[in-house]
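Notes follow the structure.
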Amino acid sequence: MQPINTAPQNYIQDPAPTKGRYYVFIITYLVLLSAFGSFVNDMYIPTLPEMVKAFHCSVPTCQLGLTFGMIGLGVGEMILGPFSDRWGRKPILIIALIVFAIGAICSVWSKSIHEFIWWRLVQGLGASGGYFLARTIPADMYRGQALAKVMALVGAINGFAPASAPVIGGFVSRAVGWQGIFWILFGFSILLLILTFPFKESLPKQRRVQGHFGIAFKNYLYLMKNKNFVIHTLLKGSALGMLFAYISAAPFIIQTHYGYTQLQFGLFMGFNALFAAGGAMMALKFKPLKAGAVFAGRALFLITIGQFICLYTVHSVWVYEAWNIAMILCMGMLFTVANTLAMNEGRDYAGDASALIGFVGYVFGAIASPLVGIGNILHSTAITLIVLSFVTLIFTRMAKVLPPDLEATPQSAHATGLPKYPTPLSSRAGINK
């Protein structure tokens, strides 16, 4: 099966800005879009123990709110990716943000945990538009080292989103309860909706999918046959699974087991998240870029062994916290490298590629989140983390043997061992000449 590349070979896009007022706007906008995904999950995490009591449910049932949110994020990306390739990024963003706003408001009035969980699914579907397009838009505009710098810059600045989200969540829930968090998320979605209007469409009509709508989904099959793309995507997914395992378990370990308040828990999470930003910037120091993933994957496995021993034998929040900081630093490196290399491979189908990356990550996250709540949460967390770190190590070793050239996109398939792309559909069909 051949992929559907819609860009005419003689089409030249205007150079993407690398400085100036609009460059500052686009970076800020991308940071907010990416942060939106973090706020959707991280902001209400401090309230999980409170919600267990409020809804009179078990810990794993309450954690299904995270799981269904991630399912919505993953499924939404898979659906909206082809839509954005056909109709452009801007209209999809507008629709997705409206869907999220509806889900956020309705979750406030949930009468049961099951009703809340279903509204979390709607929230995930809506939030997916902003989250995956924060990866897609840079790939529309940049490539190679320029793409790596933008992705790392957005990733580093966005480290403050997961840093601030739990702190804000802790303050808000303490003042007005868990419902107040979703009022704030509703307001955040409205702010993004307003900022979407000055955003200039990053996918011109000349580069959009032409012909029958169903052909847009066929590119998923082609991308899944691209070995380089698949390895980098699975690397990002397994690392993201570790992050969600940590996020799901942390409120119960820090608040319930060690006895800290929601606000204190938010400060722990916020401080730790800054190390994800540090890891994102550290990744750029490695030449080639994938060497950063190899280093981080090995270090992460060794660190997780230490965390495993700690959770079974050393009952100290400060030892637990020290291992968390080291883990998150490595995760920040892996996210930047895997995101950049995967999007660089799939940039000609940026919407589809970004959707697949997100979907795979949320599959890992949706599986990992409830697992840490089974039985003794310390032991189940230790087992989940070490299994995922081993899987991550396998993917980093597989990535190590791939061609190191960041510019090895589908257009340079002869240098990577990948099949070359066929003549674009729009050129064969005589479209947009």
Side-chain angles (χ1 to χ4, degrees), residues 38 41-53 58-60 62-63 65-66 159-175 178 181 239-279 296 299-333 365 368-389:
S38 298
N41 282 318
D42 296 352
M43 195 171 175
Y44 96 98
I45 284 173
T47 69
L48 288 177
E50 174 192 342
M51 293 179 73
V52 167
K53 297 177 181 178
S58 66
V59 171
C62 187
Q63 287 172 326
L66 284 172
F160 291 93
S164 58
V167 179
I168 296 172
F171 273 112
V172 173
S173 63
R174 187 176 180 180
W178 64 267
I181 290 173
L240 194 62
M242 289 191 67
L243 178 66
F244 279 112
Y246 152 75
I247 287 173
S248 299
F252 297 98
I253 293 176
I254 294 177
Q255 293 182 59
T256 305
H257 182 71
Y258 288 116
Y260 286 85
T261 66
Q262 290 181 347
L263 178 58
Q264 290 169 327
F265 165 75
L267 293 173
F268 271 110
M269 295 289 284
F271 178 73
N272 293 353
L274 296 177
F275 288 87
L300 185 61
F301 182 65
L302 295 175
I303 291 164
T304 308
I305 292 175
Q307 183 69 292
F308 182 91
I309 296 172
C310 164
L311 290 171
Y312 266 89
T313 63
V314 182
H315 297 292
S316 167
V317 69
W318 301 111
V319 176
Y320 168 73
E321 168 69 0
W323 288 118
N324 281 340
I325 289 172
M327 283 197 312
I328 293 166
L329 183 71
C330 293
M331 289 178 197
M333 296 179 66
S369 293
L371 289 179
V372 299
I374 298 174
N376 185 316
I377 197 165
L378 297 178
H379 298 168
S380 56
T381 299
I383 294 170
T384 302
L385 287 175
I386 202 163
V387 169
L388 284 172
S389 69

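Starting from 1, each residue takes its place in the sequence as its number.
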Can you name the closest pair of heavy atoms from [X] and [Y] and give their distance?
| X | Y | value |
| --- | --- | --- |
| A296 | C330 | CB-O, 3.7 Å |
| L329 | G278 | CD1-C, 4.1 Å |
| T381 | A249 | OG1-CB, 3.2 Å |
| M331 | A239 | SD-O, 4.3 Å |
| C62 | M51 | SG-CB, 3.9 Å |

Could you state the interatomic distance from [atom1] ([X]) to [atom2] ([Y]), rounded to the nearest 0.5 Å?
| X | Y | atom1 | atom2 | value |
| --- | --- | --- | --- | --- |
| I309 | T304 | CD1 | OG1 | 11.0 Å |
| M269 | N324 | CE | CG | 8.5 Å |
| H315 | L378 | NE2 | CG | 6.5 Å |
| I303 | S389 | CD1 | OG | 10.0 Å |
| S248 | L243 | OG | CG | 9.0 Å |
| L300 | I328 | CG | CD1 | 10.5 Å |

Contact between [X] and [Y] at the side-chain level, heavy atoms closer than 4.5 Å - yes or no?
| X | Y | value |
| --- | --- | --- |
| I383 | F308 | yes |
| C310 | Q307 | yes |
| N272 | E321 | yes |
| Y44 | E50 | no |
| I325 | F271 | yes |

Do T261 and Q264 pair up side chain to side chain, a donor and an acceptor below 3.5 Å, judged on atom types alone?
yes
Run the ring-ring contact (aromatic ring centres under 6.0 Å, His included) test against F171 and tell me which residues pass, sequence neighbours left out.
none
Would you check, one step at a time, whether the test side-chain contact (heavy atoms from CB on, under 4.5 Å) holds for M242 with L385?
CA-CA 6 Å; M242 289 191 67; L385 287 175; 4.2 Å; yes
Which donor-acceptor pairs under 3.5 Å do the side chains of residues 251-260 make with protein atoms, sequence neighbours left out?
unit_1	atom_1	unit_2	atom_2	d
Q255	NE2	P46	O	3.2
Y258	OH	S316	N	3.3

Donor-acceptor check, side chain of T384 to backbone of A368, threshold 3.5 angstrom: yes or no?
no
